[in-house]
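Sequence lines set the chain letters: A, B, ... in the order given, protein chains first and strands last, and positions in each chain run from 1. Here the structure is a predicted model, which is why all the values come from computation and not from measurement.
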Number of protein chains: 2
Amino acid sequence: MADQHELRDKGLRLTPQRELVLAAVRELGHSTPEEVAEKVRLTHPGINLSTVYRNLETLENVGLVQHTHLGHGGATYHAAEELTHLHLVCGKCEAVGDAPLEIAATFVNALSDEYGFKTDVSHFAIYGTCSNCQ
Amino acid sequence: MADQHELRDKGLRLTPQRELVLAAVRELGHSTPEEVAEKVRLTHPGINLSTVYRNLETLENVGLVQHTHLGHGGATYHAAEELTHLHLVCGKCEAVGDAPLEIAATFVNALSDEYGFKTDVSHFAIYGTCSNCQ
DNA sequence: TAGTTGGTGCGAATAATTCGCAACTCGCTT
DNA sequence: AAGCGAGTTGCGAATTATTCGCACCAACTA
Ligand SMILES: [Mn+2]
Ligand SMILES: [Mn+2]
Ligand SMILES: [Zn+2]
Ligand SMILES: [Zn+2]
């Protein structure tokens, strides 16, 4: 596994649980800690939820996963490689649509130029009303 | 109080607690339910935290207050009239800066034109790194 | 192969928010 | 002015989400 480097370089270990959590996040796309746990338990029923939380945090520190806020509640996780779009969340039907990052380019540049603020447009969802719900 | 209309029209009552919660939100600007409760308790120690939660929800349904997500955690509330800017949240120092809504105009228009998505740019904060923390 | 130290399972502890319900009161009607 | 009914409140308990403490286990390393 190439991920070993990311981990071992920081004195961390590649445990089965950790591999399983990472694999689950990669397969699921956006997913809550609970969903990750369920996925992992399909093949390894013994895994503990707090282990999932701890590994998501560890994997995020190492840069292999990231979290995003899609709704009013908790965070969802995704593989770091996969963050190539922003999320359009409809406040009425709860639908989550995608849009390319480029669509926010002028906005991001303006924030950078005028405020020196480097934006991560996809950390928080873009909230509003989708075309179906107008 | 002009707010009576907003409430009574929907069969709701203007109780002292409700007035106090609304007044606190208006004075505090962005504030968590807990902060609203503390503010109200300065003059009315008896108010219950669940009453604050319920009234914030009610006032939001009626359109007098709104909530926004400034950080990874819970929501903050503000008076509806006051939502005239978007929030730039720094992931490193936690600072919350403001920027005018107009700075997102082309972005909002693009989402409208290309996806039919009507964006509320200030419901979620804009996340990134502030100029001090680069 | 043994030792060091990070990781895991588990149950308890926190924190944040929501509920259930009896008592209370706002606003309306006689 | 008094009465009534439905919306509200206080309170404690219940949920949910996430974090901790700790003894035991196991991944790396020499
Ligand atoms: Mn929200
Ligand atoms: Mn976050
Ligand atoms: Zn919708
Ligand atoms: Zn900063």
Side-chain angles (χ1 to χ4, degrees), chain A residues 1-25 30-41 43-62 64-77, chain B residues 1-25 30-38 40-41 43-62 64-65 67-77:
Chain A
M1 237 123 280
D3 310 314
Q4 293 193 13
H5 292 60
E6 258 79 49
L7 293 166
R8 298 229 179 97
D9 289 353
K10 312 199 178 183
L12 303 176
R13 295 174 187 171
L14 189 59
T15 64
Q17 291 90 336
R18 195 161 281 168
E19 287 185 283
L20 289 163
V21 167
L22 179 54
V25 170
H30 316 126
S31 47
T32 64
E34 192 69 52
E35 289 166 341
V36 171
E38 281 170 31
K39 173 78 175 175
V40 172
R41 283 177 183 146
T43 56
H44 295 72
I47 197 169
N48 192 274
L49 184 56
S50 47
T51 297
V52 172
Y53 272 98
R54 284 183 293 223
N55 277 326
L56 286 171
E57 184 181 354
T58 299
L59 292 168
E60 183 159 37
N61 289 336
V62 171
L64 290 170
V65 309
Q66 290 182 358
H67 77 266
T68 310
H69 302 273
L70 297 186
H72 308 197
T76 62
Y77 289 81
Chain B
M1 228 119 286
D3 309 316
Q4 292 193 15
H5 293 57
E6 259 79 51
L7 293 166
R8 298 229 179 97
D9 289 354
K10 312 200 181 182
L12 303 175
R13 295 177 189 170
L14 190 59
T15 63
Q17 291 90 335
R18 196 162 281 169
E19 287 185 283
L20 289 162
V21 167
L22 179 55
V25 170
H30 315 125
S31 47
T32 63
E34 191 69 53
E35 289 166 341
V36 170
E38 281 170 32
V40 172
R41 283 176 182 147
T43 56
H44 296 71
I47 198 169
N48 192 276
L49 184 55
S50 49
T51 297
V52 172
Y53 272 98
R54 286 184 291 221
N55 277 326
L56 286 172
E57 184 181 354
T58 299
L59 291 169
E60 183 159 37
N61 289 335
V62 171
L64 290 171
V65 310
H67 77 266
T68 309
H69 303 274
L70 296 185
H72 308 198
T76 62
Y77 289 80

Would you say [N] has OP1 or OP2 under 4.0 Å from some side-chain N or O of [X]?
X: B:Thr15; N: C:dT25; result: no
X: B:Gln17; N: C:dT25; result: no
X: A:Tyr53; N: D:dT19; result: no

Hey, which sits more toward the 5' end of DNA chain D by its nearest nucleotide, A:Arg54 or A:Pro33?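 Mapping each residue to its closest nucleotide by heavy atoms, the 5'-most match is A:Pro33.
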
Distance, rounded to the nearest Å, where [X] contributes [atom1] and [N] contributes [atom2]:
X: A:Glu60; N: D:dT18; atom1: CD; atom2: P; result: 13 Å
X: A:Leu59; N: C:dT8; atom1: CG; atom2: C1'; result: 15 Å
X: B:Asn55; N: D:dG10; atom1: CG; atom2: C1'; result: 12 Å
X: B:Asn48; N: D:dA13; atom1: CG; atom2: P; result: 13 Å
X: B:Leu20; N: C:dC26; atom1: CG; atom2: C1'; result: 15 Å
X: A:His69; N: D:dA17; atom1: NE2; atom2: C1'; result: 14 Å
X: B:Leu49; N: D:dC11; atom1: CG; atom2: P; result: 12 Å
X: A:Glu34; N: D:dA17; atom1: CD; atom2: P; result: 7 Å

Begin from the C-alpha positions of B:Leu22 and B:Leu64 and carry the test side-chain contact (heavy atoms from CB on, under 4.5 Å) through to its verdict. CA-CA 8 Å; B:Leu22 179 55; B:Leu64 290 171; 4.1 Å; yes

So, under a plain 3.5 Å distance rule, would you say the side chain of A:Arg13 forms a donor-acceptor pair with the base of C:dG6?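 Looking at the base of C:dG6, it does pair with a donor or acceptor on the side chain of A:Arg13 (distance under 3.5 Å).
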
Where the side chain of A:Gln17 meets the backbone of A:Ile47, is there a donor-acceptor pair that is under 3.5 Å apart?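 Side chain of A:Gln17 to backbone of A:Ile47, a donor-acceptor pair under 3.5 Å: no, none is there.
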
Which heavy atom of B:Arg41 sits nearest to which heavy atom of B:Leu49, and what is that distance?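 Smallest heavy-atom distance, with atoms named: NH2-N, 3.6 Å.
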
Identified side chain to side chain contact (heavy atoms under 4.5 Å, CB included) partner of B:Arg18 from the options B:Leu56, B:Val52, B:Thr51, B:Thr58: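 For B:Arg18, the side chain to side chain contact (heavy atoms under 4.5 Å, CB included) check succeeds only for B:Thr58.
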
Let me see the working for B:Val21 and B:Leu59 under side-chain contact (heavy atoms from CB on, under 4.5 Å), right down to the final yes or no. CA-CA 9 Å; B:Val21 167; B:Leu59 291 169; 3.9 Å; yes

Would you mind telling me which of C:dG7, D:dG7, C:dC10 lies closest to the side-chain atoms of B:Leu12? D:dG7

Nearest-nucleotide pick for B:Leu14, side chain only, options being D:dC11, C:dC10, C:dG27: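 The answer is C:dG27.
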
Describe the nucleic acid contact of A:Thr58 in one word from base, sugar-phosphate, nothing, applying a heavy-atom distance below 4.0 Å.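 No contact.
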
Is A:Gly73 touching bases, backbone alone, or none of the nucleic acid, heavy atoms closer than 4.0 Å? nothing

